[in-house]
Chemist: 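Shown below is the structure under consideration.
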Amino acid sequence: MKNHIEALRHIPIFSRLSEDQLIKISNLEIKKEYKKGEKIFLEGEKGKAFYYIQSGKIKMYKTSFDGREIILNIFGKGDIIAEVTMFNDMEYPATAEVIEDAIVGMIYNKDIEKMVLENRELSLQIIKELSRRLYHSQANVKEMALHDSYIRTIKVLIKLAKQYGKNTSKGIELELGMTRQDIANIVGTTRETSSRIMSQLKKKNYIDVDGKTIIIKDLKKLEDELER
């Protein structure tokens, strides 16, 4: 129990709660294990719960009218997903798919809503987390409006490297199983444009690509590229 309470304390939304409050949260949690490729929920399904990731990685994506997958974000340990359905009788706005075997805690919205009514600190934490998400969403929209695909691609690679990269003798490896189409979807460009930019970065010896593994060979030069 103690280890589990400490794990909950690393979830931003629960980080400032007392041990007694964390125990109550723990009692509400339903732990689920997912294999790579499994979907946790689908876009358009009724939102009945929110989830927090204890291990593994999950991608959130929407499906366009022509059937294309548009990746909104990649989430890892400590992140919350589907929190927008809390306090709202609404559908999941995107699909959550596991891209690395994951252990996920699930809490039904009706249970957390009841607890929030009894806990001001928890309600404040939820408001802060939702505000943070809104800020980042607005920043992403601004990013797409103000910067071209080359700069956005570099920023996405830097972000992924810092969040999920693994230091190796070759450089910082991103073993996310992401294709160039996935990168294009996150950046908000076409696969052809994404492939051209990745080839440019590879030619400059900033990155390398080995199958679905992206290797950041020189993070500093990538960051310097943003200053040009």
Chemist: Hey, does Phe41 have a side-chain heavy atom less than 4.5 Å from the side chain of Lys48?
Modeler: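 Lys48 does not reach Phe41 side chain to side chain.
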Chemist: Once you round to the nearest 0.5 Å, how far does CD of Glu38 lie from CG of Asp101?
Modeler: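 Output value for this atom pair is 8.5 Å.
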Chemist: Is Tyr34 reaching over with its side chain to a backbone N or O of Ile58, donor-acceptor style, under 3.5 angstrom?
Modeler: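 Checking the backbone N and O of Ile58 against the side chain of Tyr34, no donor-acceptor pair under 3.5 Å is found.
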Chemist: Taking the side chain as every heavy atom from C-beta outward, state whether Lys159 and Asn73 have any pair of such atoms under 4.5 Å apart.
Modeler: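 Counting from C-beta outward, Lys159 and Asn73 do come under 4.5 Å.
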Chemist: Measuring from Phe50:CZ to Ile107:CD1, what's the distance to the nearest 0.5 Å?
Modeler: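 Rounded to the nearest 0.5 Å, the CZ-CD1 separation comes out at 4.0 Å.
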Chemist: Taking the side chain as every heavy atom from C-beta outward, state whether Lys31 and Gln54 have any atom pair closer than 4.5 Å.
Modeler: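 Lys31 reaches Gln54 side chain to side chain.
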Chemist: Quick one: ring pair (Phe, Tyr, Trp, His ring centres under 6.0 Å) pairs with a partner in residues 93-115, sequence neighbours left out?
Modeler: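 Sorted result for residues 93-115: empty, none.
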Chemist: Could you state the interatomic distance from CG (Asn27) to CD1 (Ile25), rounded to the nearest 0.5 Å?
Modeler: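 Here the interatomic distance stands at 9.5 Å.
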Chemist: Going through the checks in order, is the side chain to side chain contact (heavy atoms under 4.5 Å, CB included) test met by Met198 and Leu157?
Modeler: CA-CA 10 Å; Met198 296 289 280; Leu157 291 174; 4.1 Å; yes
Chemist: Treating Ile, Leu, Val, Met, Phe, Trp and Tyr as nodes and any side-chain heavy-atom pair under 4.5 angstrom as an edge, say whether Ile215 and Leu174 lie in one connected cluster.
Modeler: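 Hydrophobic grouping puts Ile215 apart from Leu174.
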Chemist: Taking the basic N atoms (NZ, or NE/NH1/NH2) and the acidic carboxylate oxygens, is any pair closer than 4.0 Å for Lys24 and Asp20?
Modeler: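 No, no charged N to carboxylate O under 4.0 Å.
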Chemist: Only one of Leu222, Asp208, Ile158, Leu160 passes side-chain contact (heavy atoms from CB on, under 4.5 Å) with Ile216; say which it is.
Modeler: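 Output: one option passes, namely Leu222.
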Chemist: Any non-hydrogen side-chain atom of Met106 less than 4.5 Å from a side-chain atom of Ile40?
Modeler: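 Result no, sub-4.5 Å side-chain heavy-atom pair not found.
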Chemist: Is there a path of hydrophobic side-chain contacts, each under 4.5 Å between heavy atoms, that joins Ile53 and Ile30?
Modeler: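 Yes, same cluster.
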Chemist: In this structure, would Leu28 and Ile80 fall into the same cluster of hydrophobic residues linked by side-chain contacts under 4.5 Å?
Modeler: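 As far as the 4.5 Å side-chain criterion goes, Ile80 and Leu28 are connected within one cluster.
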Chemist: To the nearest 0.5 Å, tell me how far Thr153 OG1 sits from Ile197 CD1.
Modeler: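 Here the interatomic distance stands at 3.5 Å.
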Chemist: Cluster question for you: counting only ILVMFWY and a side-chain heavy-atom cut-off of under 4.5 Å, with indirect links fine, are Ile103 and Phe75 together?
Modeler: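 Different clusters: Ile103 never reaches Phe75 through Ile, Leu, Val, Met, Phe, Trp or Tyr contacts under 4.5 Å.
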Chemist: Excluding sequence neighbours, so at least two apart, what forms side-chain contact (heavy atoms from CB on, under 4.5 Å) with Glu97?
Modeler: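 Glu97: side-chain contact (heavy atoms from CB on, under 4.5 Å) contacts with Lys39, Lys59, Tyr61.
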Chemist: Roughly how far, to the nearest 0.5 Å, is the OG1 atom of Thr85 from the CD atom of Glu91?
Modeler: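 If we round to the nearest 0.5 Å, Glu91:CD and Thr85:OG1 are 11.5 Å apart.
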Chemist: Which pair of non-hydrogen atoms, one from Ala49 and one from Ala82, has the smallest distance, and what is that distance?
Modeler: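 That closest heavy-atom pairing would be O-CB, 3.8 Å.
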Chemist: Quick one: does Lys62's side chain have a donor or acceptor within less than 3.5 Å of a partner on Pro93's backbone?
Modeler: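 Looks like yes, one N/O pair under 3.5 Å.
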Chemist: Could you measure the distance from the CG atom of Leu219 to the CD1 atom of Ile172? Nearest 0.5 Å is fine.
Modeler: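 Taking CG in Leu219 and CD1 in Ile172, the distance rounds to 4.5 Å.
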Chemist: With a 4.5 Å limit on heavy-atom distance, are the side chains of Val98 and Val104 in contact?
Modeler: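 They are not in contact (no side-chain heavy atoms under 4.5 Å apart), so the answer is no.
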Chemist: Donor-acceptor check, side chain of Ser26 to backbone of Leu22, threshold 3.5 angstrom: yes or no?
Modeler: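 Absent.
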Chemist: Applying a strict under-4.5 Å side-chain criterion to I, L, V, M, F, W and Y, I'd like to know whether Met60 and Leu42 cluster together.
Modeler: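 No.
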Chemist: Just by distance, do the side chain of Glu43 and the backbone of Thr63 share a donor-acceptor pair under 3.5 Å?
Modeler: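 Answer holds: yes.
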Chemist: Under 30°, 30 to 60°, or over 60°: which ring-plane class applies to Tyr92 and Tyr51, parallel, tilted or perpendicular?
Modeler: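 Tyr92 and Tyr51: tilted rings.
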